[in-house]
Amino acid sequence: MRVGKTIETASWWTPDSPREPLRIPDRRLWNHRLGLQHFEQVRDDTDYLASL
């Protein structure tokens, strides 16, 4: 069921360790590839499933 939500993620990326982008079948996923310094500045370690 589509509810008009967007999934948006951020991950760090370096040319030394390229990774395949995260994919979810049949879903559009936005991923921002950041350098480690920028990733650490916006990192969110909250476990959003803990409150369910």
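Please read all numbers here as calculations on a predicted model, not as lab measurements.
- To the nearest 0.5 angstrom, T9 atom OG1 is 12.5 Å from D44 atom CG.
- Interatomic distance, CG of L36 versus CZ of R43, reported as 8.5 Å (0.5 Å rounding).
- Side-chain contact check for E8 versus H32: some heavy-atom pair is nearer than 4.5 Å.
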